[in-house]
Structure formats: structure tokens, C-alpha cells
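Below is one structure; the comments refer to it alone.
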Amino acid sequence: MGSLYRGSKTLKKSHYILSSILNPNPLNLRLSQSQDPNYSLNLARSFSSHTRQHGNRENTNVDLTQYPPERIRNFSIIAHVDHGKSTLADRLLELTGTIKRGHGQPQYLDKLQVERERGITVKAQTATMFYSHKLKDPASDEGQVPSSFLLNLIDTPGHVDFSYEVSRSLAACQGALLVVDAAQGVQAQTVANFYLAFESNLTIIPVINKIDQPTADPDSVKAQLKSMFDLEPSDALLTSAKTGQGLEHVLPAVIGRIPPPPGIIDTTLRMLLLDSYYDEYKGVICHVAVVDGTLRKGDKISSAATGQAYEVLDVGIMHPELTPTGVLLTGQVGYVVSGMRSTKEARVGDTLHHSKSIVEPLPGFKPAKHMVFSGLYPADGSDFEALNHAIERLTCNDASVSVTKESSTALGLGFRCGFLGLLHMDVFHQRLEQEHGAHVISTVPTVPYIYEYSDGSKIEVQNPASLPSNPKQRVTACWEPTVLATIIIPSEYVGPVITLCSERRGQQLEYSFIDSQRAFMKYRLPLREIVVDFYNELKSITSGYASFDYEDSEYQQSDMVKLDILLNGQPVDAMATIVHNLKAQRVGRELVEKLKKFIDRQMFEITIQAAIGSKVIARETISAMRKNVLAKCYGGDVTRKRKLLEKQKEGKKRMKRVGSVDIPQEAFHQLLKVS
Ligand SMILES: Nc1nc2c(ncn2[C@@H]2O[C@H](COP(=O)(O)OP(=O)(O)OP(=O)(O)O)[C@@H](O)[C@H]2O)c(=O)[nH]1
């Protein structure tokens with residue numbers, strides 16, 4: 001079985017580049033440099049003379065001037081979700097003494113509460129480690145000299161929604177550890193992350209992890225890596241991040257195989273802004289990679305994107321917490337505090353340079369693409385300002401969310417937010433609640449459609465409510481976004497997965513076998529069909545064995561209609577959705593049934609209808625009743641009665657009154673699950 005991707009011309013070319021990168025001889029290059037006995041000496045001299053000229057060394061425990069690019073390695077850990085990236089990162093931090101062994105906090109770099117609760121990485125995190133490694137002594141054939149290396153490790157998220165974080169992190173690296181579970185083998189995000197690293201021309205070190213598991217089969221994983229990515233079996237490291245087996249080979253491989261950062265020391269400063277977040281005490285903290293030159297505390301720097309100038313108030317490394325060093329040198333990755341007032345000023349991908357010099361900006365990044373839009377409204381209408389404040393604060397730490405104000409007749413004032421995917425949206429909600437105490441109602445997520453109107457104008461529709469109820473009156477055509485999906489499954493599940501994809505209007509593009517047990521499929525699917533519950537359904541029909549990844553693709557023309565929900569004859573704009581004409585009937589029926597379950601009986605009859613234009617396609621009725629919370633409260637215990645009434649009042653705050661009907665927050669949540 002040949003490489004799955006060999007058919008593509010560009011990839012053939014890249015395979016060639018890859019095999020030259022992966023040939024375990026980058027070490028040769030280093031040896032040939034070190035065969036010049038004066039090479040390291042010259043480099044170190046030039047480096048320290050440069051640092052002497054500029055003086056002003058910060059008196060901290062960490063002296064970064066000891067680390068010229070030759071002694072630096074910047075690498076990422078990439079993998080499919082749950083293959084052990086964060087655990088491996090922990091072990092490497094322990095091995096280098098960066099954190100204490102048995103620090104009692106597993107997945108140290110997963111710092112957010114949501115990451116710990118869900119056991120997933122959401123945000124890429126950098127940690128600087130110092131590691132003493134023996135190098136070949138240029139003066140003798142056999143001797144070895146210990147040398148200290150500065151290693152920057154970036155732990156990245158595995159879920160597809162956060163692959164934007166991965167691609168940004170890779171820009172600061174020259175190599176990546178591609179971690180693969182020894183029992184599960186190559187999965188969909190292994191493929192996606194491999195290509196991200198590969199297209200960035202990084203040296204890739206395959207790490208087959210979890211070899212302690214009874215079902216581990218490292219040999220067949222090696223064969224998959226060879227057949228799919230042309231990675232040599234002898235290059236793979238075998239590890240168990242759990243038991244520590246094989247970990248001693250990881251950092252020597254990082255030093256031996258990954259090239260040092262390529263920047264120029266004696267030149268004008270250029271640094272790439274990788275990420276930023278807001279800290280209560282320090283203000284905006286920017287994560288940067290110094291590509292060329294040197295940055296010092298007190299320097300005046302400017303943004304190439306905005307021209308705005310700043311003074312460097314603090315500079316340092318993440319070791320693993322913020323550690324001031326007063327300086328960052330060529331090839332180093334660290335943080336800068338420069339008095340920026342909001343993270344909006346810190347544009348990810350921007351080039352920062354000394355204000356007095358003009359530089360060619362670095363290539364930067366593609367802007368994040370919003371795949372899903374949803375309205376966010378305060379559960380209690382009077383909390384709009386509090387929600388506004390919470391969203392502002394949270395977007396300071398997650399700049400990949402787009403936010404615009406909007407209003408709904410049903411829900412009042414709120415926001416339309418764009419997310420990278422459904423998990424991203426879910427995580428954003430959870431963080432709003434946990435970190436900022438905001439209670440929100442979110443509307444059915446929608447993807448951005450393009451509508452063409454009879455006057456020839458085309459608009460992007462991010463909110464179904466902005467379409468006329470009978471779009472046929474004015475709309476002449478509609479296009480919906482699609483994705484290219486990669487699905488890897490055990491062969492016995494091929495049938496049900498093909499059925500699921502065709503139900504979701506998918507078009508099969510590729511179908512092959514990775515080995516005797518696993519199939520690989522590529523589909524073009526409408527984005528709308530995968531944002532709602534596709535992954536859960538895929539997991540459930542394959543007993544959890546399927547792995548799935550997607551990248552965005554072109555728009556396709558489709559027959560999409562607006563489906564309105566009416567309560568007692570009144571359309572609820574926040575519940576409107578856009579569906580394919582062929583599915584409208586089924587979706588309409590499911591929506592009204594769900595709503596019937598979650599809207600409590602009230603003192604009058606409630607009719608729930610789903611309609612396309614003026615045509616009602618589904619209807620349910622909730623009969624009238626008065627809910628008496630005191631019904632079971634016999635006797636005269638006043639405090640208990642008061643408590644129950646208080647509880648009822650509190651519950652009511654979480655209800656939205658549409659016309660005369662109270663809708664609980666849960667009813668809105670349930671609508672998110674209908675595809
Ligand atoms: N048996 C065994 N379990 C491991 C090993 N490495 C990690 N695990 C477990 O695998 C699970 C997932 O590990 P993580 O390190 O969170 O995986 P991850 O790749 O960082 O996950 P995401 O950040 O969500 O992509 C955890 O329960 C770990 O304890 C290993 O070598 N052997």
C-alpha cells in the first residue's frame with residue numbers, strides 16, 4: 001500500500017523535501033560545522049561581543065546571553081486528540097527540572113479550568129526548558145563536552161476547532177514531535193497536523209507513545225507512518241509518557257535532528273507576535289518569537305501593522321511561569337509587556353521592531369476563519385452590560401472570536417459571535433460562565449451563507465433572522481460553505497459511515513485502506529451538516545472508534561430555506577434556522593417536539609409551529625396548567641414556603657418571555673442539537 005497522498009504533484013515535491021529533512025542526517029550538517037574547531041568559538045564570541053556592545057544585562061538567575069541560536073531548539077508537540085501530548089510535555093518539563101516531579105498537577109500546561117475539566121488542550125502553551133546535553137568534542141574524536149541547551153516547547157491543542165492555534169505555534173518552531181498512540185495508530189488529526197508541520201517545512205520526529213498499553217502495536221504504527229507520510233521506521237521513538245519508558249531519547253533527538261533557529265544576530269530586531277492575553281496586573285502580555293536581532297527591556301518598539309510605538313516594560317521567558325530576563329535574543333521565544341491597553345492592539349501575526357528602524361514585515365498568519373455563528377444573549381435581560389463586559393474580557397484572551405452587537409425581538413439586546421467550530425463555541429460559553437459568572441442563552445448556530453437577491457446584490461448571511469420570512473420573494477440563489485472531511489475508521493464500520501455521510505448530503509471523494517483493518521475516506525460535506533452533532537453521531541455508530549478532521553473548502557449552490565418557529569402564532573426570531581429544503585419537514589417536526597418537552601405548561605394553551613414562509617409544516621400544543629410549587633407544602637412552615645417561592649423566582653430569571661410564553665434556557669440549548 002503506497003502513500004495515500006502520492007498522487008498529488010505538490011505533495012510529491014514536498015515529500016522530496018521531507019525526505020531530505022527527515023533523513024536522520026541533519027546531524028551531519030552540525031558535525032561538518034563543528035569539524036571547524038573554531039566554529040562554535042567564533043559563534044559564541046560574535047554573540048557575546050554583540051551582547052557586550054549593547055550592555056544592560058538584567059540581573060536575573062537566567063542569563064540568556066549564554067544561548068546563541070546554535071544552542072536553541074524550538075519545537076512543538078502535535079498529535080491527534082488524547083494521544084498524550086500534554087502528558088509528554090509534563091514529563092519533559094520534569095526531566096529538565098522545569099517543574100517538580102510529582103507536582104500534583106497533571107497536564108501542567110493545560111492551565112484553563114475548562115481544559116482541566118474536559119481533559120483537552122484549548123490554548124497552545126509555551127515553556128522554556130534548560131537541558132544539559134553532551135556534544136561531540138571538536139578537539140578529539142572520542143571525547144564529549146557537556147553543553148547547555150535552551151529548549152522551547154509548545155504544547156498544542158489536538159481538536160480540529162483549534163488547529164488555528166497549531167498553525168500559529170508552528171511558525172515559531174523548526175521541528176515537531178508527532179505523537180501517535182501505539183494502540184490507536186494514525187488518526188484523522190495525526191494526518192491534519194502532520195501536513196501543517198510538513199507545509200511549514202519543519203523537521204518531524206515521530207514519537208509512538210503509550211507503548212505500555214497491552215494493545216500497543218508499535219510495529220504496525222511504524223508501518224502506517226511509513227506508508228502514509230514516508231517517515232522512516234528507524235526514526236520513530238518509542239515512549240510511554242505514563243511510565244517514563246523511552247523518554248531519555250526524546251530531548252537528544254530534538255537537539256540532534258531539529259535545526260537551530262535560522263535568524264541573524266547582528267541585525268535589526270524583528271519579532272513575530274504569536275499570541276496575547278490580558279493579565280489583571282500586568283496588562284496585555286504578548287508571546288513573541290525573536291526572529292532577528294535582540295530585544296531589551298526599555299527598548300522602544302513599533303508594530304508593523306499599526307505603526308503604534310510602545311516601550312518594553314518587561315521581557316522574559318515562560319519557565320514555565322513568566323520569568324523576567326531583561327532580554328530576548330535571536331531565536332528565543334518569550335513574552336513582552338509593553339503597555340498595550342487592549343489585546344486588540346496586539347495583532348497575532350504582526351511584526352514588532354525597534355521604532356527607529358524600518359523592517360520588512362514577517363509573513364504573519366492567515367486570519368482565523370469563523371465557521372459557526374451564534375447569538376449570545378443575557379439570560380436575564382437586565383444583565384446586558386455585565387455580559388458585554390464579560391465578553392470583552394474573555395475576547396482579550398481569545399482573539400479568535402468575532403463579536404458584533406445585535407438585537408432580537410424575542411431576546412432583546414445581545415451579540416452575534418463567530419467561532420472556529422462548535423467545540424470552540426461551547427468552550428467560550430463555559431468560560432463565560434465559569435470565569436466571568438455570566439448566564440447566557442445562545443441561539444441555534446448557523447454557518448455563513450451567501451444569498452443573491454433579485455437586484456443582483458450578494459450578501460453573507462450570518463443570522464437567519466436577517467432573511468425575509470419568505471426568501472423566495474426576493475432571493476434568486478443561495479450558496480453554502482463546504483468542508484473536505486477526513487474520516488478514519490475500522491473497516492467493519494464502513495457501511496454505517498457511508499450511510500451517515502450520504503444522509504448529511506456528503507459526496508465521497510476518496511476511499512482506501514490504510515492497512516488490513518482500517519479504512520480512510522475523504523468526503524465533501526456541507527459545513528451546516530457537520531456543525532450540528534455530526535461528530536457525536538459518527539462516534540456513536542462506530543463505537544467511538546472513528547476519527548474525524550476537516551478543512552474548509554469552497555461554497556456550493558444549494559436549495560436552503562428559512563425555517564421559522566412560532567409560539568402562539570408569533571415568530572421567535574432567535575429560534576429561526578436555515579435548513580436544506582429536503583430536510584425542512586423532518587427538522588421542523590423535531591424542533592417542535594423538542595420544544596414541547598422543554599417548555600413548561602403555563603396558565604394558557606401554547607401552540608408551537610414550524611413554518612416555511614406562510615406554510616406551517618409541524619405543530620404541537622401544550623395544554624394549560626398552573627404550576628403550584630407550594631402544592632406539596634402542607635402545614636405552616638413559612639420559611640420552607642418562602643424558600644420554594646424564591647427558588648421559583650430564581651428559575652424564572654433564567655426564562656425568556658416571548659409574547660406571553662416563558663421559555664427556559666434549556667429549550668434554547670436543546671435546539672442546538674437538531675440537525
Ligand atoms: N497508558 C498510557 N496512558 C497515557 C500515556 N500518555 C498519556 N496517557 C493518558 O492519555 C490521556 C490523554 O492524555 P493527554 O496528555 O491529555 O492527551 P493530549 O494529546 O494532550 O490531549 P488533547 O490536549 O486533548 O489533545 C490521559 O488520560 C493520560 O493519562 C501513556 O504513555 N500510557
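Remember, it's 1-based here, ligands and their atoms both numbered in the order they're listed.
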query = Under 3.5 Å, is there a donor-acceptor pair between the His83 and Gln184 side chains?
reply = yes
query = Which is it for Asn209 and ligand 1 at heavy atoms under 4.0 Å: side chain, backbone, both or neither?
reply = side chain
request  = Would you confirm whether the ring centroid of Tyr67 sits within less than 6.0 angstrom of the ring centroid of Phe130?
outcome  = yes
request  = Run the numbers for me: atoms of ligand 1, each under 4.0 Å from some heavy atom of Val81, listed by number.
outcome  = 24 (O), 25 (O)
Donor-acceptor pair between Gln187 and Ser547 side chains, under 3.5 angstrom = yes
message = When you compare the side chain of Met521 with that of Ile489, does any pair of heavy atoms fall below 4.5 Å?
response = yes
key: Test of proximity, Thr239 against ligand 1: N or O pairs below 3.5 Å   = no
Flag for Asp212-Gln245: side-chain donor and acceptor within less than 3.5 Å = no
inquiry  = Any nitrogen or oxygen of Ala241, side chain or backbone, less than 3.5 Å from one on ligand 1?
reply    = yes
key: Part of Lys85 within contact of ligand 1 (heavy atoms, under 4.0 Å)   = both
inquiry  = Between Phe548 and Phe534, is the ring centroid distance below 6.0 Å?
reply    = yes
inquiry  = If we set the cut-off at 4.0 Å for heavy atoms, which region of Asp212 has an atom near ligand 1: side chain, backbone, both, or neither?
reply    = side chain
request  = Output yes when the distance from some N or O of ligand 1 to some N or O of Gly84 is under 3.5 Å, and no in every other case.
outcome  = yes
